[in-house]
Amino acid sequence: MIRTCTGFAVIAVLSLPGAVLAETYQWTDDAGVVHFTDNLERIPSKYLKRVKELPSVRGETPSSPSMESPAAPAEVKPALKPQSPILYGGLDERGWRTRFSSLREELKVIEESLPKKREELNQLHRRWVISMGRVPSQGELKDFAEKQAEGSATVEDNPYVNKSALSTPGRHREAYYAKLQEVRQEEARVGEIKKQLEDLELEASRVGVPFEWRK
């Protein structure tokens with residue numbers, strides 16, 4: 001009687017689901033359907049190359065891949081607020097750099113063009129003198145040079161001009177004085193720009209503008 005009970009107990013234990021470990025096989029058919037089995041003989045031969053072995057327990061049905069819990073959504077970080085530009089005297093870096101660079105660029109253009117214009121002025125003066133045919137004295141040249149330095153020289157003060165009623169200076173005189181006026185205007189503008197740059201440097205220092213912004 002004891003042997004019989006023992007035999008029934010062993011049979012009962014072996015028949016419990018999940019009591020014995022076994023291999024589970026998975027494959028996907030042509031329609032995309034996933035299948036599971038613990039018996040290789042149930043798998044069609046044309047799908048044998050697609051079979052995957054999964055560790056499992058007899059009687060336990062593996063969970064379907066489609067039933068897996070969805071991944072947690074990625075954490076969304078709040079967007080950073082743009083930083084306000086640093087201002088000095090109401091201007092940012094670009095504003096200060098523009099003020100300095102515009103003045104320096106204008107000064108560079110004028111200073112590079114002035115030597116050529118002064119040479120043109122000298123050539124026009126020589127042509128004018130040659131066309132008039134009058135050679136002034138040293139005293140006349142000295143007086144005219146002083147008036148030129150004061151900025152009060154006129155056509156009538158020029159010692160090279162023949163003041164005779166028969167004299168006709170013509171186009172050479174006009175070209176000379178037109179160029180002279182152009183040169184003087186640009187020389188004056190050079191002085192104005194340099195003064196503006198000095199004032200701008202003082203203003204930038206007063207409000208604490210970084211030196212690299214003034215380049």
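Excluded from the calculations below are hydrogen atoms, water molecules and symmetry mates; all remaining heavy atoms, backbone and side chain alike, are included.
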Heavy-atom closest contact (Tyr88 atom, Gly208 atom, distance): CE2-O, 3.2 Å

Trp213 side chain vs Ala204 backbone, donor-acceptor pair below 3.5 Å: no

Those residues that, when tested against Ser205, pass side-chain hydrogen bond (donor to acceptor under 3.5 Å, both in side chains) (two or more places apart): Arg214

Atom pair CH2 (Trp96) and CD (Glu212), whose distance is rounded to the nearest 0.5 Å: 13.5 Å

With Glu187 via side-chain hydrogen bond (donor to acceptor under 3.5 Å, both in side chains) - residues at least two apart: Arg118

NZ on Lys117 to CD on Glu120, rounded to 0.5 Å: 8.0 Å

Rounded distance [0.5 Å steps], OG1 in Thr98 versus CD in Glu105: 12.5 Å

Connected via hydrophobic side-chain network under 4.5 Å: Val207 and Leu197: yes

Verdict with supporting geometry, Phe100 and Glu201, side chain to side chain contact (heavy atoms under 4.5 Å, CB included): CA-CA 9 Å; Phe100 275 99; Glu201 281 285 357; 3.6 Å; yes

Pairwise distance NZ(Lys116) to CG(Leu114) - rounded to 0.5 angstrom: 12.5 Å

Closest heavy-atom pair and its distance - Ser113, Ile110: OG-O, 3.0 Å

Sidechain N-carboxylate O distance under 4.0 Å for Arg189, Glu186: no

Residue list, side-chain contact (heavy atoms from CB on, under 4.5 Å) with Lys142, at least two apart or on another chain: Glu146

Linked, directly or transitively: Ile86 and Leu91 (ILVMFWY side chains, under 4.5 Å): yes

Gap separating the NZ atom of Lys215 from the CZ atom of Arg104, nearest 0.5 angstrom: 10.5 Å

